[in-house]
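Contents: one structure, followed by commentary.
Order of the sequence lines fixes the chain letters, A, B, ..., with proteins taken first and strands second; residue numbering starts at 1 for each chain. Side chains are part of it too, since the values below use all heavy atoms of this structure and drop only hydrogens, waters and symmetry mates.
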There are 2 protein chains.
Amino acid sequence: MANVETKQLTEAQDRFVAAWGKMGTAWGISRTMAEVHALLYITGEPLCTDDVMERLQISRGNASMSLRALLEWGIVERVHRRGDRKEYFHAEQDVWVLFRAIVRERMKREVDPMRASLYEIRDMTSERAGERGGKDAKDPALAAHNKRIDSMLEFLETMEKMSASFVSPAGRGLQAAAKILGFVGGRAEPRPTGSKPDSEREAG
Amino acid sequence: MANVETKQLTEAQDRFVAAWGKMGTAWGISRTMAEVHALLYITGEPLCTDDVMERLQISRGNASMSLRALLEWGIVERVHRRGDRKEYFHAEQDVWVLFRAIVRERMKREVDPMRASLYEIRDMTSERAGERGGKDAKDPALAAHNKRIDSMLEFLETMEKMSASFVSPAGRGLQAAAKILGFVGGRAEPRPTGSKPDSEREAG
DNA sequence: CGTCACTTTCAATTTCTTCTGAAACTTCTG
DNA sequence: CAGAAGTTTCAGAAGAAATTGAAAGTGACG
């Protein structure tokens with residue numbers, strides 16, 4: 001039967017979906033959301049809510065929520081087909097674009113608030129706040145504390161700047177850097193198995 | 001009372017612990033573990049299990065588990081005091097060292113397994129596996145699938161190499177890069193609120 | 001402007017994690 | 001070696017998060 005390959009493919013897709021889902025949870029993304037994304041990525045073609053539901057065996061609500069979240073993250077886009085009222089969803093296919101979107105979102109959602117908190121916390125114990133003495137090296141414990149908060153802040157600022165310039169400007173900062181610095185260039189060491197030269201590239 | 005400052009300090013520490021804990025959960029680290037680390041970091045001095053239990057209001061078992069996990073991550077170390085049988089714990093104070101340790105561990109725990117899975121998955125559908133035909137461009141869908149897996153793999157390899165050379169070698173790759181590239185250098189822009197001139201700086 | 005074809009929402013439920021606390025264990029000390 | 005001081009383990013309890021499914025919402029089409 002011609003379906004030997006189809007079966008192989010389906011099985012491989014399932015494994016990919018599972019692996020991606022597992023990784024997602026480790027990074028604070030709900031398993032289902034990661035799985036939905038994996039499915040869209042690995043099939044490569046637009047799927048509708050029902051496709052996702054069926055393939056992943058999840059409820060309509062869950063599928064809908066996950067898809068919307070993915071849209072918000074900017075790594076999946078709506079596709080309309082003429083003559084079909086249904087909405088289809090298509091995952092970004094360029095891994096680097098995907099990565100940039102993820103970094104951007106995570107910085108926005110997790111690092112920025114942390115930074116804001118740190119500013120507030122610093123202001124709680126800044127010399128100005130103690131006010132009365134006017135002096136500064138009053139309490140060495142307080143000074144040490146402030147120093148720790150400040151180095152944390154300085155670190156976050158640096159990360160922020162780096163990620164910003166890697167993620168946004170012309171678009172492909174990190175990728176370019178990786179190429180220039182010689183990190184890119186195909187398989188690490190030619191593994192016994194696959195040996196395809198990096199013929200493809202430049203997806204998006 | 002001299003405790004005005006002490007109270008301020010304690011409060012600031014609590015806020016820091018809470019913020020850090022919240023961030024931890026977003027990155028797949030249990031809240032308590034993150035909080036314990038935050039406490040050790042922000043107090044700066046070695047604390048024993050009971051100190052942690054009391055300050056964080058958690059059970060002995062929980063404190064013990066969290067501390068051990070932090071040791072495994074390599075971001076907290078045991079300290080012994082002569083004439084005292086208790087074990088004390090001290091958190092790494094250099095933010096960059098901390099960051100490197102975290103990256104190293106996360107790569108090891110989450111990226112490496114993913115990479116391994118991807119290799120397996122690729123082998124499921126590599127040309128060799130289909131065997132019968134011996135040819136290669138047989139099924140275009142299969143080929144496209146393989147291409148996707150491969151670009152994912154290539155991406156992970158690149159990240160792996162970059163993080164490795166940023167994280168391990170002489171030790172301070174990223175930090176040096178940041179400095180050279182001009183990302184480091186104090187507050188981004190003077191925020192509207194805390195207008196305090198950046199008199200302090202240079203923490204670690 | 002009512003109906004149809006979908007999509008979204010949300011309270012109840014299920015599932016998964018984390019936390020507790022007491023018992024078991026280890027290791028020093030006299 | 002018995003006892004004290006401290007640490008680790010783990011089964012069950014508590015809590016948090018994800019999932020369901022049915023009801024409400026949306027808007028295009030005739």
Side-chain angles (χ1 to χ4, degrees), chain A residues 17-40 46-73 76-90 106 109-110, chain B residues 17-40 46-73 76-90 106 109-110:
Chain A
V17 167
W20 199 246
K22 192 146 125 281
M23 189 174 196
T25 57
W27 290 89
I29 291 161
S30 100
R31 185 172 52 74
T32 304
M33 180 174 156
E35 286 185 350
V36 172
H37 175 261
L39 180 63
L40 293 178
L47 301 180
C48 68
T49 308
D50 295 82
D51 295 336
V52 173
M53 284 170 61
E54 191 187 332
R55 183 70 187 270
L56 260 35
Q57 295 291 342
I58 60 176
S59 73
R60 181 168 300 285
N62 199 1
S64 172
M65 298 277 255
S66 299
L67 285 168
R68 195 151 56 83
L70 289 169
L71 289 172
E72 261 162 36
W73 276 64
V76 160
E77 58 176 10
R78 280 179 222 268
V79 176
H80 284 283
R81 281 179 179 171
R82 69 177 54 232
D84 190 342
R85 213 134 113 209
K86 228 175 287 189
E87 276 187 328
Y88 290 77
F89 300 89
H90 178 243
R106 298 215 67 137
R109 287 160 203 237
E110 276 113 40
Chain B
V17 167
W20 199 245
K22 193 146 124 278
M23 187 174 197
T25 58
W27 290 89
I29 292 161
S30 99
R31 186 174 51 77
T32 304
M33 183 175 155
E35 287 186 350
V36 171
H37 176 262
L39 180 62
L40 293 178
L47 301 179
C48 68
T49 307
D50 294 83
D51 295 336
V52 173
M53 285 170 60
E54 191 187 333
R55 184 70 187 270
L56 260 35
Q57 294 292 340
I58 60 175
S59 73
R60 181 169 301 284
N62 198 2
S64 171
M65 299 276 254
S66 300
L67 284 168
R68 196 150 56 83
L70 290 169
L71 289 172
E72 259 162 35
W73 276 66
V76 160
E77 57 176 11
R78 281 180 221 265
V79 177
H80 284 282
R81 282 180 177 169
R82 71 175 54 227
D84 190 342
R85 216 139 109 202
K86 228 175 287 190
E87 275 186 330
Y88 290 77
F89 300 88
H90 178 244
R106 298 216 68 139
R109 288 162 202 233
E110 276 113 41

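Proximity of B/S59 to the phosphate of C/dG21: no side-chain N or O atom is located under 4.0 Å from OP1 or OP2. For the pair B/T32 and C/dT18, the criterion of a side-chain N or O lying under 4.0 Å from OP1 or OP2 is not met. For A/S64, no side-chain nitrogen or oxygen approaches OP1 or OP2 of C/dT9 to under 4.0 Å.
The residue among A/K86 and A/N62 whose nearest nucleotide of DNA chain C lies closer to the 5′ end is A/K86.
Here the nucleotide nearest the side chain of A/S30, chosen from C/dT8, C/dT20, D/dA18, is D/dA18. When the nucleotides C/dT8, D/dT9, C/dT29 are ranked by their closest atom to the side chain of B/R85, C/dT29 comes out on top. Closest approach to the A/D50 side chain among D/dT19, C/dT18, C/dT7 is made by C/dT7 (side chain taken as heavy atoms from C-beta onward).
What separates CE of A/M65 from P of D/dT20 is a distance of 12 Å, to the nearest Å. Rounded to an integer number of Å, the gap from A/M33 CE to D/dT19 C1' is 16 Å. With rounding to whole Å, A/E87 atom CD is found 6 Å from C/dT8 atom P. In this entry the distance linking CZ of A/R60 with C1' of C/dC10 reads 16 Å, nearest Å. The CG-P distance, from B/D84 to D/dG6, rounds to 7 Å in whole Å. Atom C1' of nucleotide C/dT20 and atom CE of B/M53 are separated by 10 Å, given to the nearest angstrom. Following rounding to the nearest Å, B/R31 (CZ) and C/dT20 (C1') show an atom-to-atom distance of 14 Å. Summarising the geometry, the separation between CD on A/Q57 and P on D/dG21 is reported as 11 Å, rounded to the nearest angstrom.
Listed here is the closest heavy atom pair of B/A38 and B/W20: CB-CD1, 3.2 Å. Closest approach of B/E77 and B/L71 over heavy atoms only: CA-CD2, 3.8 Å.
In this structure, A/Q57 CD and A/E35 CD are separated by 11.5 Å, a value rounded to the nearest 0.5 Å. Interatomic distance, CD of B/E87 versus NE2 of B/H80, reported as 4.5 Å (0.5 Å rounding).
When atom types are taken as modelled, the side chain of B/S64 and the backbone of B/R60 share no donor-acceptor pair closer than 3.5 angstrom.
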